[in-house]
Amino acid sequence: VATRAITCPFCALACDDLGAAEAGVDTRGCAKAAAGFARDAGRTEHRVRGKPVPLADAVAAAAALLSQARLPLITGAGADLAGIRALIALADRAGAVIDPWQSMVLRRNFAVTQESGALTATFGEVANRADAILLLGGDPAPDYPRVFERLVDNGTPLFRSTPPSLAYLGPAAAAPRRTMAAAIHLDSNRLLDGVAALHAALAGRLPRDADIAGVPAAAFVELGERLSAAHYGAILWDVRNLADDGKAVVATVLRILRHLNRRTRAVGLPLAGSDNALGFVQALLWQTGWPAQVSLAGGAPEHDPWRFDAARLIAAGEIDALLWVAGLSHSPPPATMAPTVALLAPDIALTGEAAVEIRVGVPGLDHPGTLVRADAVVALPLDAVRKTALPSVAAVAQAIVESLGARA
Ligand code: SF4
């Protein structure tokens with residue numbers, strides 16, 4: 001029986017070695033992918049005010065709601081690139097704010113890139129070259145189940161002869177279940193102190209008798225020596241493991257990398273962007289010039305990380321219409337007084353009633369598409385592995401744009 005290679009859309013590792021056959025999907029042992037490809041397809045009815053309606057009526061109701069709004073917001077997660085591009089076009093047409101959900105978490109990484117640059121690498125570079133890897137802040141495996149298989153346990157590396165040595169800096173309770181050559185345990189709210197101490201140790205400015213969050217200075221000196229001795233060091237973190245001071249942590253990591261690159265090679269690999277949130281950021285960047293928190297209400301893109309943060313706008317009650325997109329994620333729309341148009345995958349249960357509920361297919365499961373991988377260097381094609389009549393986010397967003405045009 002023929003098996004075709006497919007890409008998994010269920011985390012930002014975007015593993016492209018899965019196999020689809022008549023009997024189902026071989027998920028290479030990944031439980032998260034197995035759960036994703038087994039998602040329920042049961043909810044297919046579109047609704048307006050709770051009553052089932054044809055798709056065209058739901059689209060018209062969504063357009064009417066958006067056209068009457070003074071400040072609509074488009075947010076959420078989980079569309080393929082075509083869907084995100086159509087949402088940006090819709091935001092432009094409707095004069096809306098558009099922002100990936102939880103963009104303040106993603107911002108811990110990209111704000112540093114905006115202000116100071118970055119020293120990053122691809123998955124392939126880390127898998128083939130890294131001889132020392134420092135894991136920061138917690139175990140990335142719960143969010144990215146095959147991360148060690150993909151980046152550490154490469155059995156046929158091109159440019160190193162032994163597996164990379166692993167080190168860890170972060171809370172003991174969140175430490176990866178792997179053998180570590182070195183480990184420094186400190187609370188997540190002291191992680192900034194930890195990376196600052198590592199930077200000071202590398203620069204020869206850490207007093208020998210210093211105590212950092214209960215850890216003696218010698219541990220940081222030893223960790224710095226480890227990274228300095230590597231031919232190709234990598235510092236890897238899951239952005240969701242960083243606390244609210246995550247931006248300062250990432251900025252300090254960049255200083256560490258700059259210091260290391262005076263004598264050897266060292267890179268940072270931030271993991272973020274599941275549910276194609278990174279695709280959302282990339283599409284916004286290339287279409288508006290800004291990565292997130294963008295308003296298209298004034299006829300030209302305007303960026304403000306505070307004013308146009310989706311979560312803040314909802315919490316402050318500043319919007320009068322919400323278009324929530326969850327084609328990949330499992331998330332129902334957040335609570336808001338604003339009337340909501342919800343574009344939802346067929347397995348998402350609504351806790352309340354949305355003004356307009358439109359069921360959409362899951363990219364990579366119900367329809368083809370494209371998804372940006374966490375290292376942001378490649379957009380991978382997605383296939384469909386089951387049959388559905390549900391429209392894609394792109395088709396629905398385009399239909400709403402057309403309906404808005406017809407209304408005008
Ligand atoms: S690690 Fe992520 S992308 Fe890879 S198979 Fe598992 S869920 Fe899919």
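When a ligand or atom number is given, it counts from 1 through the structure's own listing order.
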**Student:** Counting heavy atoms only, which part of Ala14 comes closer than 4.0 Å to ligand 1: side chain, backbone, both or neither?
**Tutor:** backbone
**Student:** Tell me, yes or no, whether the heavy-atom count around Arg49 atom CZ, taken from other residues, nucleotides or ligands under 6.0 Å, exceeds 12.
**Tutor:**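 No, because the 6.0 Å sphere around CZ of Arg49 holds 12 heavy atoms or fewer from other groups.
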**Student:** Provide, to 0.1 Å, the distance between atom 4 (Fe) of ligand 1 and the closest protein heavy atom, together with that atom's residue and name.
**Tutor:**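 For atom 4 (Fe) of ligand 1, the nearest protein heavy atom comes out as Cys15 SG, 2.3 Å.
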**Student:** Counting only heavy atoms not in Arg386 (residues, nucleotides, ligands), do more than 12 fall under 6.0 Å from its CZ?
**Tutor:** yes
**Student:** Check Pro391 against His46 and note the closest heavy-atom contact, atom names and distance.
**Tutor:** CD-CE1, 4.2 Å
**Student:** Among protein heavy atoms, which sits nearest to atom 1 (S) of ligand 1, and what does the distance come to when rounded to 0.1 Å?
**Tutor:**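 Going atom by atom, the protein heavy atom closest to atom 1 (S) of ligand 1 ends up being Arg146 N, 3.4 Å.
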**Student:** Is the distance from the ring center of Phe37 to that of Phe10 below 6.0 Å?
**Tutor:** yes
**Student:** Under 4.0 Å from a heavy atom of Ala33: which atoms of ligand 1 are those, numbered in the order shown and with their elements?
**Tutor:** 5 (S), 7 (S), 8 (Fe)
**Student:** Can you spot which of Leu278, Val147, Val239 makes a side chain to side chain contact (heavy atoms under 4.5 Å, CB included) with Leu271?
**Tutor:** Val147
**Student:** Look at atom 6 (Fe) of ligand 1 and say which protein heavy atom is nearest, naming residue and atom and giving the distance to 0.1 Å.
**Tutor:** Cys30 SG, 2.3 Å
**Student:** Applying a heavy-atom cut-off of 4.0 Å, say which part of Cys11 lies close to ligand 1: side chain, backbone, both or neither.
**Tutor:** both
**Student:** Within this structure, what is the CD1-CG distance for the pair Ile319 and Leu313, rounded to the nearest 0.5 Å?
**Tutor:** 7.0 Å
**Student:** Give me the residue, atom name and distance of the protein heavy atom closest to atom 8 (Fe) of ligand 1.
**Tutor:**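 Looking only at protein heavy atoms, the one closest to atom 8 (Fe) of ligand 1 is Cys8 SG, 2.3 Å.
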**Student:** State the atoms of ligand 1, each with its element, that fall below the 4.0 Å cut-off from a heavy-atom position in Pro145.
**Tutor:**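 The atoms of ligand 1 under 4.0 Å from a heavy atom of Pro145 are 1 (S).
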